[in-house]
Engineer: 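So that we are looking at the same thing, I have put the structure below in structure tokens.
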Amino acid sequence: MNGEESTGLDFIRARIVRDGKTGKYDGRVHTRFPPEPNGYLHIGHAKSICLNFGIADEYNGLCNLRMDDTDPSKESMEYVEAIKRDVRWLGFDWGDRMYYASDYFDQLYEWAVKLIKKGKAYVDQLSEEEIREYRGTVTEPGRPSPYRDRSIEENLDLFERMKNGEFADGELVLRAKADLASPNMKMRDPLMYRIRHMSHYRTGDKWCIYPMYDFTHGQSDSIEKITHSICTLEFENNRELYDWFLDEIEIYHPQQIEFARLNLSHTVMSKRRLLELVEEGCVDGWDDPRMPTISGLRRRGYSPEAIRAFCDRIGVAKRESMVDIALLEHCLREDLNRRAMRVMAVLRPLKVVIENYPEDEVEMLDAVNNPESESAGSRKLPFSRVIYIEQEDFREYPPKKFFRLAPGREVRLKHGYFIKCEKAIRDEKSGEIIELRCTYDPKTKSGEAPAGRKVKGTLHWVSADHAVSAEVRLYDHLFTTPDPMSESGEEDHKKYLNPRSLEVLEGCMVEPSLSDARPGEYFQFLRQGYFCVDSRDSKPGALVFNRTVGLRDTWAKIEKAQQSKKG
RNA sequence: UGGCGUGUCGUCCAGUGGCAGGACAGCUGACUCUGGAUCAGCCGACGGGGGUUCGAAUCCUCCCACGCCAACCA
């Protein structure tokens, strides 16, 4: 903006700064985010949204939201609404600039007529297969269709009759008369219009011919006076055509710039693949918390701030890349660590009786809500003779470096006392350990003078009488392999679906303060991870929590290393 | 194969003729009433060959690899 050097900027921003200096668009910056409403937005779209809206913000420009809705067979209002909701949720505002390519159909039709009159477009009646054949290959030039040289009058007449519905689907198409010998396949007389007797979710039955992407996108940008039309790499070949249409129609000409789309490890990122997972029931829907969709991430417990921070950190460039999902998770933890209230929840309860604690006494202990944020305050936590701890926090035969509870060992209960394990009680039939007998040391109460000795471990716990039961859903990566698409054939990626991407735990015990947690509210379950109240299935009295992401787990690493050492 | 595009630590991104840097991941250690967080440190890369230059990731050249394009999808 203010003439600073362009180093450190990504290549798109560098170019915008340059265009600003040369006055290419009178210093204007106007971008747009142009999804097709044929599916839900995913984290890859978030990258594009952050880029387009972000640039508009940074350079004092504007960013439009536009539905690229030229294919009536796939698009719907449901998707439009979902897209608007997701963009807004991410924190961006298109003001009064919500546009639809379908609003430009009349104008587009006129421009098509103009091209016909210029001798730059013709009505072809070759079949789909024939057109493919005539187009040639990457090494051989295309051949002209026998209909390529119809008279302008005949083209005009035929095109109008196409519009009027006098022909069946596929019978005729309108093609640009460009360059059949072009080494760029996109220039070999691309289709401009096809016949589809199908009603459109917005224009209804007004049209039975619909413009193709290439004959729509650039002109839509032009109508909206977009300066920089930012799109993904696969449209690089289309740029020549983008320019050609604008020049032939002789209208305002934005600059198309392409960048590499986001690929994220351990998931898939094409709308087609995601649709497939939804339709085949591999997941619960577009907003299944395992999906990389914006709605899935939202339901999983991701914050818009975390997603935006991620989009900033991955940068923008032209090389195809695969971002490690660990970076997304890092951005999430970084955000939630600052803001999430710490609470205690026991996922797999193990009963502990503190034998020397009075039968009916209940103490209300002070518990800090968030050590990262003093203003979060504190709450009271009930403590009593019978509590639950995590099953995995006890080992009868503790391995090396296991700092938790074991026979004869002492640990601290977070916000409470030291307890020492005196005895483990087994179920006679199963042999399973079902209860621990412990003693506590009254001199070790949290916040009071230290008893002069230390313990290595601190456990989370809940008071049995006061705990609230809840369902907890543990989510993990959707795919077991970083790049399911490349490590498999066309349809084989599904064999890498993670069978453990969802584990449902019932009968979890959470502290009483959680009983009135609201849908979407997020917490850190101490020592375990970040969790949010499921916005679809959780009800008062029947709480459901989703694990958004686990905490860094050093012990798990140590244990894994120990096990692999043993072979 | 024709065209377009891209090659820098394991991963992502900087560096645009002058000591190759950051982030994530990994590994050490310090600290800790979360094995969290935080802090300190370590590991680690210019696709290859030739050339220009005092000096090349950067310029030239050849090669190699990868991606995209032969949809009436976008």
Engineer: With rounding to the closest Å, how many angstrom separate the P atoms on B:U8 and B:G49?
Structural biologist: 16 Å
Engineer: Hey, is the side chain of A:Arg272 poking within less than 4.0 Å of OP1 or OP2 on B:A74, counting only N and O atoms?
Structural biologist: no
Engineer: Answer yes or no: does a side-chain N or O of A:Arg196 lie under 4.0 Å from OP1 or OP2 of B:C73?
Structural biologist: yes
Engineer: What interatomic distance, in whole Å, is found between C1' of B:G7 and the corresponding atom of B:C63?
Structural biologist: 14 Å
Engineer: If you pin A:Val138 and A:Pro211 to their nearest nucleotides in RNA chain B, which one's is more 5'?
Structural biologist: A:Val138
Engineer: Counting side-chain heavy atoms from C-beta on, which of B:C72, B:A25, B:A74 comes nearest to A:Ala326?
Structural biologist: B:A25
Engineer: Any N or O donor-acceptor pair linking the side chain of A:Asp553 to the base of B:G36 at under 3.5 Å?
Structural biologist: no
Engineer: For a quick check of understanding: with a heavy-atom distance under 4.0 Å over all strands, which category does A:Pro371 fall into, base, sugar-phosphate or nothing?
Structural biologist: base
Engineer: Using a heavy-atom cut-off of 4.0 Å across all strands, would you classify A:Asn238 as base, sugar-phosphate, or nothing?
Structural biologist: base
Engineer: Look at the side chain of A:Arg313 and decide which nucleotide, out of B:C24, B:C12, B:A14, has an atom nearest to it.
Structural biologist: B:C24
Engineer: When the P atoms of B:C43 and B:G22 are considered, how many whole Å apart are they?
Structural biologist: 12 Å
Engineer: A:Lys557 side chain N/O closer than 4.0 Å to the phosphate oxygens (OP1, OP2) of B:C27?
Structural biologist: yes
Engineer: Taking the P atom in each of B:U52 and B:A71, what is the distance between them to the nearest angstrom?
Structural biologist: 47 Å
Engineer: Ignoring hydrogens and angles, tell me if any N or O in the side chain of A:Arg342 forms a donor-acceptor pair with the backbone of A:Ala340 under 3.5 Å.
Structural biologist: yes
Engineer: Would you mind pulling out the nucleotide paired to B:A14, Watson-Crick or G-U wobble, both distances under 3.5 Å?
Structural biologist: none
Engineer: For the C1' atoms, the ones on B:U53 and on B:A40, what distance do you get once it is rounded to whole angstrom?
Structural biologist: 42 Å
Engineer: A:Arg135 side chain N/O closer than 4.0 Å to the phosphate oxygens (OP1, OP2) of B:C72?
Structural biologist: yes
Engineer: Counting just side-chain N and O atoms, does A:Thr70 come under 4.0 Å of either OP1 or OP2 of B:C73?
Structural biologist: no
Engineer: B:U34 C1' sits how many Å from A:Phe531 CZ, rounded?
Structural biologist: 13 Å
Engineer: Could you check whether the rings of A:Tyr109 and A:Phe159 sit parallel, tilted or perpendicular, using 30° and 60° as the cut-offs?
Structural biologist: parallel
Engineer: Using a cut-off of strictly less than 4.0 Å, decide whether A:Arg132 has a side-chain nitrogen or oxygen near OP1 or OP2 of B:A71.
Structural biologist: yes
Engineer: Quick one: A:Leu241 CG to B:C4 C1', roughly how many Å, whole number?
Structural biologist: 14 Å
Engineer: NA contact type, A:Lys318, heavy-atom cut-off 4.0 Å: base, sugar-phosphate, or nothing?
Structural biologist: sugar-phosphate
Engineer: Over all strands shown, is A:Ile558 touching base, sugar-phosphate only, or nothing at heavy-atom distances under 4.0 angstrom?
Structural biologist: base
Engineer: Let me know, please, whether A:Ile131 or A:Glu240 comes out on the 5' side of the other along RNA chain B by nearest nucleotide.
Structural biologist: A:Glu240
Engineer: Using atom C1' in both nucleotides, what's the gap between B:C60 and B:A45 to the nearest angstrom?
Structural biologist: 24 Å
Engineer: Is the shortest side-chain N/O distance from A:Ser321 to OP1 or OP2 of B:C13 below 4.0 Å?
Structural biologist: yes
Engineer: Between atom CG in A:Leu9 and atom C1' in B:G15, what is the gap in whole Å?
Structural biologist: 13 Å
Engineer: Of the listed nucleotides (B:A74, B:C12, B:G36), which one gets closest to any side-chain atom of A:Arg342?
Structural biologist: B:G36
Engineer: Report the nucleotide, chosen from B:U34, B:A74, B:G35, that has the shortest atom-to-atom distance to any side-chain atom of A:Phe403.
Structural biologist: B:G35
Engineer: So, under a plain 3.5 Å distance rule, would you say the side chain of A:Arg412 forms a donor-acceptor pair with the base of B:U34?
Structural biologist: no
Engineer: For A:Phe402, report the nucleic acid contact type (base, sugar-phosphate, nothing); a contact means any heavy atom under 4.0 Å.
Structural biologist: base
Engineer: A:Arg339 and A:Glu305: salt bridge (charged side-chain N to carboxylate O under 4.0 Å, His left out), yes or no, with the steps?
Structural biologist: CA-CA 11 Å; A:Arg339 316 192 322 190; A:Glu305 289 83 355; 3.4 Å; yes
Engineer: Measuring only the P atom in each nucleotide, how far is B:U32 from B:C27? A whole number of Å is fine.
Structural biologist: 23 Å
Engineer: Base, sugar-phosphate, or nothing for A:Val455, non-hydrogen atoms under 4.0 angstrom?
Structural biologist: nothing
Engineer: With heavy atoms under 4.0 Å as the rule, sort A:Lys271 into base, sugar-phosphate or nothing.
Structural biologist: nothing
Engineer: Rounded to whole Å, how long is the line connecting atom CZ of A:Arg188 with atom P of B:C4?
Structural biologist: 14 Å
Engineer: Between B:G36, B:G3, B:C24, which one does the side chain of A:Asn237 approach most closely?
Structural biologist: B:G3
Engineer: Look at the side chain of A:Glu372 against the base of B:U38 and say whether a donor-acceptor pair falls under 3.5 Å; ignore hydrogens and angles.
Structural biologist: no
Engineer: Hey, is the side chain of A:Arg194 poking within less than 4.0 Å of OP1 or OP2 on B:C73, counting only N and O atoms?
Structural biologist: yes
Engineer: Answer yes or no: side-chain N or O of A:Arg552 and base N or O of B:G35 forming a donor-acceptor pair under 3.5 Å.
Structural biologist: no
Engineer: Could you tell me which non-hydrogen atom of A:Gly301 sits nearest to which non-hydrogen atom of A:Leu336, and how far apart they are?
Structural biologist: O-CD2, 4.3 Å
Engineer: I want to check a possible cation-pi pair here: A:Arg202 against A:Tyr100, using under 6.0 Å from ring centre and within 45° of the ring axis as the test.
Structural biologist: yes
Engineer: Counting only Watson-Crick pairs (N1-N3 plus N6-O4 or O6-N4) and G-U wobbles (N1-O2, O6-N3), all under 3.5 Å, who is the partner of B:A37?
Structural biologist: none
Engineer: Establish, for the pair A:Arg175 and A:Tyr122, whether the NZ or CZ atom is under 6.0 angstrom from the six-membered ring centre and no further than 45 degrees off its axis.
Structural biologist: no
Engineer: Give one of base, sugar-phosphate or nothing for A:Arg404, where a contact means two heavy atoms less than 4.0 Å apart.
Structural biologist: base
Engineer: Looking at A:Asp189 and A:Ala178, would you say the former's side chain and the latter's main chain have a donor-acceptor pair under 3.5 Å?
Structural biologist: yes
Engineer: What is the nucleic acid contact for A:Leu126, judged by heavy atoms within less than 4.0 Å: base, sugar-phosphate only, or nothing?
Structural biologist: base
Engineer: Indicate, with a heavy-atom threshold strictly under 4.0 Å, whether A:Phe235 touches base, sugar-phosphate, or nothing.
Structural biologist: base
Engineer: The side chain of A:Arg319 lies closest to which of these nucleotides: B:G7, B:C73, B:U34?
Structural biologist: B:G7
Engineer: Rounding to a whole Å, what distance do you find between A:Lys186:NZ and B:A74:C1'?
Structural biologist: 9 Å
Engineer: For A:Tyr210 and A:Phe105, take the angle between the two ring planes, folded into 0 to 90°, and tell me which bin it lands in: parallel under 30, tilted 30 to 60, perpendicular over 60.
Structural biologist: perpendicular
Engineer: Decide salt bridge (charged side-chain N to carboxylate O under 4.0 Å, His left out) for A:Lys74 and A:Glu36; before the verdict, give the C-alpha distance in whole Å, the side-chain angles of both, and the deciding distance to 0.1 Å.
Structural biologist: CA-CA 9 Å; A:Lys74 293 179 183 152; A:Glu36 182 189 12; 5.8 Å; no
Engineer: Do the side-chain N or O atoms of A:Thr554 get closer than 4.0 angstrom to the phosphate oxygens (OP1, OP2) of B:G36?
Structural biologist: yes
Engineer: Using a 4.0 Å heavy-atom cut-off across all strands, classify A:Leu327 as base, sugar-phosphate, or nothing.
Structural biologist: sugar-phosphate
Engineer: Would you say A:His460 places a side-chain N or O within less than 4.0 Å of OP1 or OP2 belonging to B:U34?
Structural biologist: no
Engineer: Rounded to whole Å, please give me the gap between CG in A:Asp10 and P in B:A23.
Structural biologist: 19 Å
Engineer: So if I take every side-chain heavy atom of A:Glu128 and compare against B:A74, B:C72, B:U11, which nucleotide ends up nearest?
Structural biologist: B:C72
Engineer: Starting at CG of A:Asp324 and ending at C1' of B:G10, how long is that distance when rounded to a whole Å?
Structural biologist: 9 Å
Engineer: What are the two closest heavy atoms between A:Met192 and A:Ala121, and how far apart are they?
Structural biologist: SD-CB, 3.8 Å
Engineer: Using the C1' atom as the point on both nucleotides, what is the distance between B:A30 and B:G35, in whole Å?
Structural biologist: 15 Å
